[in-house]
Amino acid sequence: MKLVYLDHNATTPVASEVLEAMHPYFREDFYNPSSIYSPAQKVREKVEEARLKVARLLNAEPSEIVFTSGGTEANNQAIIGGARANRKKGNHIITSAIEHHAVLDTCLRLEKEGFEVTVLPVDQYGTVSPESLQKAIKPETVLVSIMYANNEVGTVQDIKTLAHIARQNGSLFHTDAVQAVGKIKVDVKELGIDMLSLSAHKFYGPKGIGCLYIKKGVKVESLLTGGGQENKMRAGTENTPGIIGLGRAAEFILENREEMEKRIRELEELLRQGIKDRIPDVIFTGHPENRVPGCVSVCFKYIEGESMLLLLDQQGIMASSGSACSSKSLKASHVLLAMGITPEIAHGSLRLSLGKDTKREDIEYVLEVLPGVVEKLRAMSPLYRR
Amino acid sequence: MKLVYLDHNATTPVASEVLEAMHPYFREDFYNPSSIYSPAQKVREKVEEARLKVARLLNAEPSEIVFTSGGTEANNQAIIGGARANRKKGNHIITSAIEHHAVLDTCLRLEKEGFEVTVLPVDQYGTVSPESLQKAIKPETVLVSIMYANNEVGTVQDIKTLAHIARQNGSLFHTDAVQAVGKIKVDVKELGIDMLSLSAHKFYGPKGIGCLYIKKGVKVESLLTGGGQENKMRAGTENTPGIIGLGRAAEFILENREEMEKRIRELEELLRQGIKDRIPDVIFTGHPENRVPGCVSVCFKYIEGESMLLLLDQQGIMASSGSACSSKSLKASHVLLAMGITPEIAHGSLRLSLGKDTKREDIEYVLEVLPGVVEKLRAMSPLYRR
Amino acid sequence: MDKMYTREVMDHFLNPRNVGSVENADGVGEVGNASCGDIMRIEIKVEDDKIADIKFQTFGCAAAIATSSMITELVKGKTLTEAEKITNKKVAEALGGLPPVKMHCSNLAADALKKAIADYRERRIDSDSSGHNLFDRADSDSKAFKDKP
Amino acid sequence: MDKMYTREVMDHFLNPRNVGSVENADGVGEVGNASCGDIMRIEIKVEDDKIADIKFQTFGCAAAIATSSMITELVKGKTLTEAEKITNKKVAEALGGLPPVKMHCSNLAADALKKAIADYRERRIDSDSSGHNLFDRADSDSKAFKDKP
Ligand SMILES: Cc1ncc(COP(=O)(O)O)c(C=O)c1O
Ligand SMILES: Cc1ncc(COP(=O)(O)O)c(C=O)c1O
Ligand code: FES
Ligand code: FES
């Protein structure tokens, strides 16, 4: 059966260059980089080389990069560590309604610890308005955390303006850039932010590794205590193949992103237009322009997401949905709801996310299969009137 | 140059079987196991299969295994999560003086949060006496955390008896088994413990993955919040190659540990006897019998560890030392000091840790090289009288 | 850590039995709520106190669709009293089990059926006493249709 | 995240110059503490106010050994006044730099040398005035020897 993977926002395959770069560090050069002997010191050098590559991708300094076990840990570290270390400034945190749970739930955890949390609304496109931040921010605001690009609908925020407002107020600004890095240009200096999270497996690096950028001078409490690795910011024996893989993936992105973006945007347009042409009663979600490449988020009225995913799976198409039925929660996607989409419609959401290896024929295949799937489910639906 | 790796307590190479098992999950079957389509569900099955293997190694139930990014995270999770979730019982924690920093520093962090921490002493062999635990434990004791096997000297504790004391008192018992798993038999049911940490890279699995065993019914707060993975106990996209590698390593240990132990203990004896015969003024540290296989910890009087390591490195021998000079702290190993060894002698410590691939000729080579290294440094030492 | 669906669930989801509506239905039951992501509608035709025909329409996940399909198969031809005895558990069992997170939507099927039978019984009393048009009533019963944009 | 040692450090560590003790030393300086893991002892022979011979003994890490070795090379043949001007920083520079964590032990070298020169000067005054046996004194100066088990 033909397999078409259109779930690159969930995870991506490790690029062959990246896997090759990681390979020696599992068995041959497996040494602990904290060890003193020369073979281990060579691994240490490779770890530092990876740090440099990641720094280069973000236009940061190598010393500003702390490796973590992924995006979730980076987000937890930034929010818990940033808020706790700067408690003297105040106990107010601002975030947005469309954040990933790794940010949202972490803020809510801090709420239980006595922090006050303001969750900014978004408009119909999923955009946080600078005005709403300006209104919500106050002297006690320790930290503002707003995601760069949304994982479900792809909307990109005006981080530069938002960060400026935070800076003017003396508040730390963190951005969850897990869905931005690898897709759009990310420049921490230009953005003027204090912290940024990324996760390697979202851009052809391995799972289980990510990093937190922490601007020089910004105080953050470490989340994991122990062996003093990562300049005392992150304890634990370094995941050397992971780190080296992340470095190689960063380099890959630096070299290929622009060309990839162009190609992916074209295919994305093909897919959008094809859906519009072939299927009635669809609602595209996300910002019409400020969107990462490759994220097609669409709701099909009268039907539900999980059934769609399973029928697509039957034909080898892999995608995801913000329907509660496909997750373990009972509520439809908090992102779509925050954008004012009714629960009924949100249940019919489908996210098709393209990647570097997506081909025109993949898109054509989806456009062949999808109308039938939607029609089959609509035929079963009590909400649909033929 | 001949290379002899005798630092298996620091980390081990990924076994070829293990790397092979991991391999498909980087690129081919790279899917996110939380996704709904069948290729992803197959990866989910593999993850659960790995969980089963780890459970089998420990004689636990699969549902009692929570994958983490390593031993450090497992220790942090157990101690912070265990103490916070059971605060109503009290605010007293007991640990020992020879714990890894991932335990010790984490307890000290909780001390700052208002917990009272008792650090039990050890005897000259590094053993925690059940009597001292019995004396220290009180109604408010929430958690007792005592390591199974020590990383520097290899001493194994009587966990069963210690855990019994905790249980009688209604306190949770956690053991850091990072240096025990893979080396000795570990049976959580027989030990009667509530939590146990392990780290894959210490027994021929990959770096960046480990797990926490949490006995059914034991309440532990999660450390990382977010996507609800690992039954809500550990957020973050699963490190699937890591998890599958850990599972394969567990299986490898289950099948080979006994035979490995026998062989390693023989080589270890050869090494110990050889050092005794060839070098004067040496002090072997650790328990004379209750020791994990393969850990030779020895202090050479009048000289310092880092210089020893670097001279050994010159001849291709990789080892470690509890000397402060080889670390970033300025204090000699807290483990050796806790055992009553003077700082002066502790600075001359050398740890040679054997592994599955260590050969008789490796030991012979070390016995050839080591006396000369010690002699060269002693000749330079103002403490040494020829 | 759930297992995915059983073979039976997938079979009934992919090839649902008795989809659609019964012409001049004698009883209609609809449960669920579009905002929760699940609506199940069962229509029955009753003859000699037996379920002569039964059809379903479902807006929901694969488990919801499969349980709807399964229950229609289970009760077709059964007497109303037998049909009423079908529990949600029985439907789930007939499907070889459902993942724990999906138990909530499996609850819909038996509920919808019960509601359809109750509706049939009520109409009989109503029509016996007041002679209302059954078809109109069945239609206006659907909250979902009103919600439809 | 430190770089390891420079080539110069490794050279002086692996091939330390002027190891040992000076027979009938004119000045002895010992600094450091065994419990901190570092002791450095420098012995000098002075002729015409110049360092005619110099030897060291060091208990410590590679950086400690290399700085000891380097300082003996730097001051051999120099006048005492010149030698006293050698700073810890100069020694580290001559070695091409030291890792930040190792700066503390590099501090020992210049201190030990200064102490040796001071000892020499003191003895001259002492012997001028009281004629004590120099050799005895040098020996009893060593705390370390007393500690030795
Ligand atoms: C006893 C002990 N506990 C915990 C750890 C931490 O494990 P990891 O570095 O894999 O996080 C180690 C090893 O580093 C160890 O030896
Ligand atoms: C926006 C966003 N933030 C955070 C994460 C968490 O990253 P990870 O699962 O790698 O920990 C993800 C993906 O899962 C994401 O899409
Ligand atoms: S209909 Fe939503 S989970 Fe089944
Ligand atoms: S002598 Fe200890 S660090 Fe140099």
Side-chain angles (χ1 to χ4, degrees), chain B residues 1 280-283 299-334 336-337 340-350 369 372-386, chain D residues 1-2 4-5 9-21 28-43 55-66 68-69 72 99-108 112 138-139 141-149:
Chain B
M1 184 173 57
D281 290 342
V282 301
I283 296 165
C299 294
F300 297 92
K301 288 189 187 171
Y302 322 129
I303 61 178
E304 186 277 330
E306 194 213 74
S307 338
M308 239 188 298
L309 296 184
L310 288 177
L311 287 183
L312 288 171
D313 177 41
Q314 287 292 314
Q315 315 222 40
I317 297 171
M318 297 174 257
S320 87
S321 166
S323 168
C325 303
S326 71
S327 71
K328 282 168 197 169
S329 97
L330 291 177
K331 272 198 182 169
S333 155
H334 69 286
L336 298 176
L337 298 182
I341 291 165
T342 64
E344 189 182 330
I345 291 178
H347 274 288
S349 84
L350 182 72
V369 170
V373 164
V374 172
E375 189 41 43
K376 175 168 180 175
L377 290 172
R378 283 183 174 168
M380 264 190 252
S381 171
L383 302 180
Y384 186 60
R385 261 288 160 83
R386 273 123 310 191
Chain D
M1 283 172 246
D2 311 308
M4 268 310 285
Y5 296 126
V9 172
M10 285 308 287
D11 177 36
H12 275 266
F13 164 60
L14 294 173
N15 312 296
R17 289 38 150 191
N18 309 309
V19 177
S21 32
V28 172
E30 189 172 298
V31 294
N33 187 316
S35 72
C36 297
D38 38 32
I39 295 179
M40 202 176 284
R41 180 182 171 94
I42 285 184
E43 303 186 3
K55 299 269 183 191
F56 81 89
Q57 284 179 292
T58 291
F59 163 72
C61 71
I65 291 171
S68 322
S69 167
T72 61
V101 278
K102 293 294 182 179
M103 291 314 279
H104 90 101
C105 59
S106 83
N107 287 346
L108 296 173
D139 211 304
D141 195 43
S142 167
K143 280 166 287 166
F145 277 73
K146 278 185 238 144
D147 288 350
K148 194 177 146 184

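Order of the sequence lines fixes the chain letters, A, B, ..., with proteins taken first and strands second; residue numbering starts at 1 for each chain. These values consider heavy atoms only, across backbone and side chains, with no hydrogens, waters or symmetry-generated copies.
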Determine the minimum heavy-atom distance between B/Glu306 and D/Ala63, stating which atoms define it.
-> OE1-N, 4.4 Å
Quick one: CD1 on D/Ile39 to CD on B/Glu304, what's the gap to the nearest 0.5 Å?
-> 11.5 Å
What heavy-atom pair brings B/Tyr302 and D/Phe59 nearest, and what distance separates the two atoms?
-> O-CD1, 3.2 Å
Where on D/Lys55 is there a heavy atom nearer than 4.5 Å to chain B: the side chain, the backbone, both, or neither?
-> neither
Given that the side chain runs from C-beta out, which part of D/Met10 has a heavy atom under 4.5 Å from chain B: side chain, backbone, both or neither?
-> side chain
When B/Ala346, B/Gly305, B/Ala332, B/Ser307 are compared by non-hydrogen pairs under 4.5 Å with chain D, the top option = B/Ser307
Can you tell me how far CD of B/Gln314 sits from CZ of D/Phe13, rounded to the nearest 0.5 angstrom?
-> 7.5 Å
Atom OG1 in D/Thr58, atom CG in B/Leu383: separation rounded to 0.5 Å?
-> 10.0 Å
B/Lys331 portion near chain D, given a 4.5 angstrom heavy-atom threshold = neither
CD1 of D/Ile65 to CG of B/Leu311: how many Å apart, nearest 0.5 Å?
-> 7.5 Å
